[in-house]
2 protein chains.
Amino acid sequence: MEREPMFQKQLTQSDVGKLNRLVVPKQHAINYFPPIDGSSGKIRTMLLSFEDELGKCWRFRYSYWSSSQSYVLTKGWSRFVKEKRLGAGDFVFFEQLREDNDRFFIGWRWRADTQMQDNGVAQPSVVVDGTSVQSQTPPVRESRRLRLFGVNLDC
Amino acid sequence: MEREPMFQKQLTQSDVGKLNRLVVPKQHAINYFPPIDGSSGKIRTMLLSFEDELGKCWRFRYSYWSSSQSYVLTKGWSRFVKEKRLGAGDFVFFEQLREDNDRFFIGWRWRADTQMQDNGVAQPSVVVDGTSVQSQTPPVRESRRLRLFGVNLDC
DNA sequence: CGCCACACCTGGGCG
DNA sequence: CCGCCCAGGTGTGGC
């Protein structure tokens, strides 16, 4: 049951904004995710399942966009961003079981300069956004420094 | 092989800016372009081909945007604007063959106050733009006062 | 009707 | 300098 890192990505503003999609760097997508392509395979989209640190199962639509020749996670991604309260500069990690490369896990961490508030809720010290943004208090959520991957038989 | 004018439009800043689209005045679109609509027809978008003064073929995506109830040329339009170095206030002309109304031509001219520079490159006397714009020397390009429509069998 | 999912599109930047 | 990524957009449709 040993996990093997696949890749990580530092999230851009677009990855966490209204576009509701994560751009998966091309080589990582090709190397680690099931093959979808416009040239060889017929399948341009599929559903991928990932277990998070709580054992919760996240299903993301994984697509190849031929117009921009890019690989993206779309449906379900925005809910993950919202629940984990991820912002630009934060990181997501993708791992798989060494002996079963069809079982995926997803992890994350806030970027280094994220500060804790008195109420134990993380508050980014700098809000990265193109437009003017009021510093808003995020909704209360459990904050744990250790995020362990769990097990979810439904995933 | 006689050409028949369809309509012309003086370009707005939005027509030549980052929106990458030309708004086609509704009555002109209905009168001259193939029918696309949201109410009656099913087809909301199509590809239109136009030959320019050099015989070069330009393919534009022609769409009806129900949200704004407007007819627009989108994909490919920005490349035309850039190559012809069109700006706000310049004009584009749309023509068709009198005996073959499926064959379209596109022409253009700079607005009257466009000045020539020593190097023969046109330089608009006034740069119209919403944001601050430095007066930049445009790339060298052939400047011809007469723009004749050509023929392109691939169009 | 508002939000979001989806399939497009383009320019900038970098190797 | 050119081709490829990909960050950042768009309108449309579904719910």
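The chains referred to below are lettered A, B, ... by the order of the sequence lines, with proteins before strands, and numbering in each begins at 1. Being a predicted model, the structure only gives us computed values, none of them experimental.
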Exercise for the section: Would you check if the side chain of A:K84 reaches a backbone N or O of A:V92 as a donor-acceptor pair within less than 3.5 Å? Expected result: no

Handout entry: Any donor-acceptor pair under 3.5 Å from B:N20 side chain to B:K18 backbone
Key = yes

Exercise for the section: May I ask you to establish whether A:K75 and A:W77 are in a cation-pi arrangement, using a distance under 6.0 Å from NZ or CZ to the six-membered ring centre and at most 45° from the ring axis? Expected result: no

Exercise for the section: May I ask you to say whether B:R21 pairs ionically with B:D15, meaning some side-chain N is under 4.0 Å from a carboxylate O? Expected result: yes

What integer distance in Å separates [X]:[atom1] from [N]:[atom2]?
{"X": "A:K26", "N": "D:dC4", "atom1": "NZ", "atom2": "P", "answer": "8 Å"}
{"X": "A:Y64", "N": "C:dA7", "atom1": "OH", "atom2": "P", "answer": "14 Å"}
{"X": "A:Q10", "N": "D:dC6", "atom1": "CD", "atom2": "C1'", "answer": "15 Å"}
{"X": "A:E83", "N": "C:dC4", "atom1": "CD", "atom2": "P", "answer": "15 Å"}
{"X": "A:Y71", "N": "D:dA7", "atom1": "OH", "atom2": "P", "answer": "15 Å"}
{"X": "A:L22", "N": "D:dG8", "atom1": "CG", "atom2": "C1'", "answer": "14 Å"}
{"X": "B:F60", "N": "C:dC9", "atom1": "CZ", "atom2": "P", "answer": "14 Å"}
{"X": "B:K18", "N": "D:dA7", "atom1": "NZ", "atom2": "P", "answer": "20 Å"}

Exercise for the section: Just say parallel, tilted or perpendicular for the rings of A:F93 and A:F91, cut-offs at 30° and 60°. Expected result: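 The arrangement is parallel - the two ring planes meet at less than 30°.
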
Exercise for the section: Just say parallel, tilted or perpendicular for the rings of A:F60 and A:F80, cut-offs at 30° and 60°. Expected result: perpendicular

Exercise for the section: State whether A:T12 places a side-chain N or O below 4.0 Å from either non-bridging phosphate oxygen (OP1 or OP2) of D:dG8. Expected result: yes

Exercise for the section: Take nucleotides 10-15 of chain C nucleotide by nucleotide from the 5' end and write B, S or -, depending on whether a protein heavy atom sits under 4.0 Å from the base, only from the sugar-phosphate, or from neither. Expected result: BS----

Practice task
For the residue pair B:W58 and B:D52, establish whether any side-chain heavy-atom pair is separated by less than 4.5 Å.
Solution key: yes

[options]: which one has an atom nearest the side-chain heavy atoms of [X]?
{"X": "A:Q13", "options": "D:dA7, D:dC5, D:dG8", "answer": "D:dG8"}
{"X": "B:R61", "options": "C:dA7, C:dC9, D:dG13", "answer": "C:dC9"}
{"X": "A:W65", "options": "D:dG9, D:dT12, D:dC5", "answer": "D:dG9"}

Exercise for the section: Counting Watson-Crick and G-U wobble pairs only, both distances under 3.5 Å, name the nucleotide matched with D:dC2, or none. Expected result: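 Result: C:dG15.
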
Exercise for the section: For A:R21, answer base if it contacts any base atom (sugar-phosphate contacts may also be present), sugar-phosphate if it contacts only those atoms, and nothing otherwise; contact means non-hydrogen atoms under 4.0 Å. Expected result: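 Answer is base: heavy atoms of A:R21 come under 4.0 Å of a base.
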
Problem - 5′-ward residue of the pair A:L19/A:Q27 relative to DNA chain D - result: A:Q27

